[in-house]
Amino acid sequence: MDVLDVAARATETGPVCDACLGRLVAGRSFGLSNADRGSALRVSLSLRDDEDHEPVAVADCWVCEGRCAEFDEWAERAAEAVEGIEFATYNVGTRPPPLIEENEALLRADAGLDEDAGEPFKSEFNREVGKRFGRLTDTEVSFDRPDVQFTIDLADDAVDAKINSTFVYGRYRKLERDIPQTEWPCRECKGSGRQGADPCDHCGGSGYLYDDSVEEYTAPIVEDVMDGTEATFHGAGREDVDALMLGTGRPFVIEVEEPRRRRVDTDRLQSDINAFADGAVEVEGLRLATYDMVERVKEHDAGKRYRAQVTFDADVDADALADAVAELEGATVEQYTPNRVDHRRASITRERDVYEATAERDDPRHATVEIRGEGGLYIKELISGDEGRTEPSLAGLLGVGAEVTALDVLAVEGQAEPFERDEFFRE
């Protein structure tokens, strides 16, 4: 391809501004803007043909219809759209009018180029507006989930600023029983709080089965501090509502939508949450996290350690208890969906491994059992057998009915590696 021949054919179509001319050969000479390329082509063409140099005003360009003179204006409009919003990264997208895209296609055809030659108008518009916006706001462009995503609609003369969510990671301990992890809408009234014209008898008209939740103790505080519009709680699994979460706590991420603040003091945030929860829940290790931490919290393979207070229907011999627990250790357990959760879980048989098992007999009818097992292992059913739905079980091995009267989760830890890896956090 002879670039001057391309330039000659392009300029014969009518007034073409430097940027539109330069876009035809955008792959040439790294470090130049398209306007620089177009200007150089126009000067070189005048020298080659010994003709007067005649610059073209951008406003007269039949291809972009003067849009290539608007980079500064749109950068300023984008900056105004996010005034008062804290962010560090951005990206710009453009919706050009259909006529400009048609003009581009005609120019390439008349210049003897393939339809995908050079650079599209919208790519240049994105880049040139983006560079100027970055200088105005002292922020950096990002192509991987930026804090703010702009869409410039030239046809509608509008700029839309989408403020992407921000994320806070931590671990929580639940120190009181009968607190669910997230809000638990009433099944009878479906969260409305009413049955017909009357308050719902099942939930007392509140719409929820429990007054408090880990989510309610944490997410609203984070949303308020980050000045967002909504906050969502994501947990690494969940413990039973009547179980405590102790020890190192359970990993969680709070997602805040449309935050106006992103750089917050997580130590102070942690103190605020703990003061608000007033001993019912504690959080620790709060850190600003990336979008990918949500998937990691939800999908990362984790082992869990439990402590269960167990009551037997008949006296249990210490040796028999020790033998039964030894048989559970290392076992692969088959668990059909437990009776207590079959209204909200698929009816399937799950296989889960028991990594460690110990038991201390308190008296012939009571024992304290500790289990470290694979994520998703139902501990209450591992003890009781759940009417034969779990095999093997402690009750089945002993031949005695067994029930968990109190359950504590002591640890939730990644199996192959920790949840907390540096690439999932931000400064």
Please tabulate, one pair per line, all N/O donor-acceptor pairs under 3.5 Å involving side-chain atoms of residues 409-418, not counting sequence neighbours.
residue : atom : partner : partner atom : Å
Glu413  : OE1  : Arg171  : NH2          : 3.3
Glu413  : OE2  : Thr248  : OG1          : 2.8
Gln415  : OE1  : Tyr355  : OH           : 2.6
Glu417  : OE1  : Arg421  : NH1          : 2.8
Glu417  : OE2  : Arg296  : NH1          : 3.4
Glu417  : OE2  : Arg296  : NH2          : 2.9
Glu417  : OE2  : Arg421  : NH1          : 2.8

Side-chain polar contacts of residues 16-32 - donor-acceptor pairs under 3.5 angstrom, sequence neighbours left out - could you list them?
residue : atom : partner : partner atom : Å
Asp18   : OD1  : Arg42   : NE           : 3.0
Asp18   : OD1  : Arg42   : NH2          : 3.0
Arg23   : NE   : Glu104  : OE2          : 3.3
Arg23   : NH1  : Glu124  : OE1          : 2.8
Arg23   : NH2  : Glu104  : OE2          : 3.4
Arg28   : NH2  : Met1    : O            : 3.2

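Side chain to side chain, Thr337 and Arg350 meet the donor-acceptor criterion of an N or O pair below 3.5 Å. A donor-acceptor contact under 3.5 angstrom links the side chains of Glu255 and His234, judged on distance only.
The backbone N or O of Pro180 sits nowhere less than 3.5 Å from a side-chain atom of Ser213 that would complete a donor-acceptor pair. A donor-acceptor contact shorter than 3.5 Å links the side chain of Arg250 to the backbone of Ala236. Here the side chain of Arg67 pairs a donor or acceptor atom with the backbone of Leu154 at under 3.5 angstrom. Of the possible donor and acceptor atoms, one in the side chain of Tyr90 sits under 3.5 Å from a partner among the backbone N and O of Gly130. At least one donor-acceptor pair under 3.5 Å links the side chain of Thr13 to the backbone N or O of Ala10. Remark: side-chain polar atoms of Arg95 are not paired, donor with acceptor, to backbone N or O of Asp153 under 3.5 angstrom. For the pair Lys174 (side chain) and Ile179 (backbone), a donor-acceptor distance under 3.5 Å is present. Not one N or O on the side chain of Asp353 forms a donor-acceptor pair closer than 3.5 Å with the backbone of Glu374.
Shown here are the side chain to side chain contact (heavy atoms under 4.5 Å, CB included) partners of Phe233, two or more places apart in sequence or in another chain: Tyr172, Gln181, Thr182, Val214, Glu215, Thr218, Phe252, Ile254. In this structure Ala109 satisfies the side chain to side chain contact (heavy atoms under 4.5 Å, CB included) test with no other residue, sequence neighbours excluded. In terms of the side chain to side chain contact (heavy atoms under 4.5 Å, CB included) criterion, residue partners of Asp227 (sequence neighbours excluded) are, by chain and number, Arg260.
Residue pairs that meet the side chain to side chain donor-acceptor pair (under 3.5 Å) test with at least one member in residues 135-144, sequence neighbours left out, are Thr137-Thr139.
The line from CG of Leu269 to CG of Asn274 is 9.5 Å long, rounded to the nearest 0.5 Å.
Side-chain rings of Phe71 and Phe125 approach one another, their centers coming within less than 6.0 Å.
Arg287 forms a cation-pi arrangement with Phe425, by the criterion of a distance under 6.0 Å to the ring centre and an angle within 45° of the ring axis. For the pair Arg145 and Tyr291, the cation-pi test (distance below 6.0 Å, angle within 45°) is passed.
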